[in-house]
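Down below is the structure, laid out as structure tokens.
All residue numbers refer to positions in the sequence shown, counting from 1.
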Amino acid sequence: QDKEKLEIRKLSDPPSAETVRDMIKYARNVIEEFRRAKHYKYILCLTLTLPACELLEICELSLDKMGAVFEDSNVYMLHMMYQAMGVCLYVQDWEGALRHGQKIIRPYSKHYPSYSLNVASMWLKLGRLYMALENRTAGVKALKRAIAIMEVAHGKDHPYISEIKKELEDH
């Protein structure tokens, strides 16, 4: 799956090997900055000195730059989309979070094993976002997909599953 995970955009004029190398270096640097910030719990400090909308703008600019070379299924793109989704959730921009999550779920489903909790977690987030945005049909479908994966990973009697089933009943 490495080829899919590192997929380059198919363009009429393909990027040079040097351009791809430079973009990988750029992506790794941006991702490392976010990791470092999260590791040292500076995200909170950053949001106090650097508004969350600016953090989102950094994500969006990085996605635009990397998107000129990488496909959306590329792991570097996925990582930055996930960061953007997290910032959107933080600022309660449900539409923005949903937009990023919808781009993430298909590649996640390809890159991860069938019963991966990473995929279940993304379906869970999408389901809750759909519900918050009053799209019950899509929300129920997404939550049921999360449950199906979690039942295999955790077992049918796990408290998480009961909690999600209760959410479905309450909506």
Any [X] side-chain heavy atom under 4.5 Å of [Y] side chain:
| X | Y | answer |
| --- | --- | --- |
| Arg9 | Asp72 | yes |
| Val69 | Asn74 | no |
| Ser73 | His111 | yes |
| Met81 | Met77 | yes |
| Arg28 | Met23 | no |

side-chain hydrogen bond (donor to acceptor under 3.5 Å, both in side chains) partners of [range], not counting sequence neighbours, each pair once:
| range | result |
| --- | --- |
| residues 142-164 | Glu151-Lys165 |
| residues 133-143 | none |
| residues 123-133 | Tyr82-Lys125, Gln102-Tyr130, Arg128-Glu167 |
| residues 58-70 | Tyr26-Ser62, Glu60-His100 |

Group every Ile, Leu, Val, Met, Phe, Trp and Tyr by side-chain heavy-atom contacts under 4.5 Å, then state whether [X] and [Y] land in the same group.
| X | Y | value |
| --- | --- | --- |
| Val20 | Val30 | yes |
| Leu6 | Ile8 | yes |
| Leu63 | Val75 | yes |
| Tyr115 | Met150 | no |
| Leu117 | Ile161 | yes |

Test side chain to side chain contact (heavy atoms under 4.5 Å, CB included) applied to [X] - qualifying residues, sequence neighbours left out:
| X | value |
| --- | --- |
| Ser114 | none |
| Glu169 | none |
| Arg106 | none |
| Gln92 | Trp94 |

Minimum-distance pair of heavy atoms, taken over all atoms of [X] and [Y]:
| X | Y | answer |
| --- | --- | --- |
| Ser116 | Ile149 | O-CG2, 3.4 Å |
| Cys88 | Gly96 | SG-C, 3.7 Å |
| Met66 | Ala27 | SD-CB, 3.3 Å |

Sorted by chain and residue number, the salt bridge (Lys or Arg N to Asp or Glu O under 4.0 Å) partners of Arg99 (sequence neighbours excluded) come out as none
How would you list, by chain and number, every residue that makes a salt bridge (Lys or Arg N to Asp or Glu O under 4.0 Å) with Asp22, sequence neighbours excluded? none
Can you tell me how far apart [atom1] ([X]) and [atom2] ([Y]) are? Round to the nearest 0.5 Å.
| X | Y | atom1 | atom2 | value |
| --- | --- | --- | --- | --- |
| Met131 | Leu126 | CE | CG | 12.5 Å |
| Leu168 | Leu143 | CG | CG | 5.0 Å |
| Met85 | Asp93 | CE | CG | 11.0 Å |

With sequence neighbours excluded, what pairs up with Tyr108 under the side chain to side chain donor-acceptor pair (under 3.5 Å) test? none
Side chain to side chain donor-acceptor pair (under 3.5 Å) against Lys10, all qualifying residues, sequence neighbours excluded: Glu7
Side chain to side chain contact (heavy atoms under 4.5 Å, CB included) test vs Val119 passes for just one of Ile104, Ile105, Leu124, namely Ile105
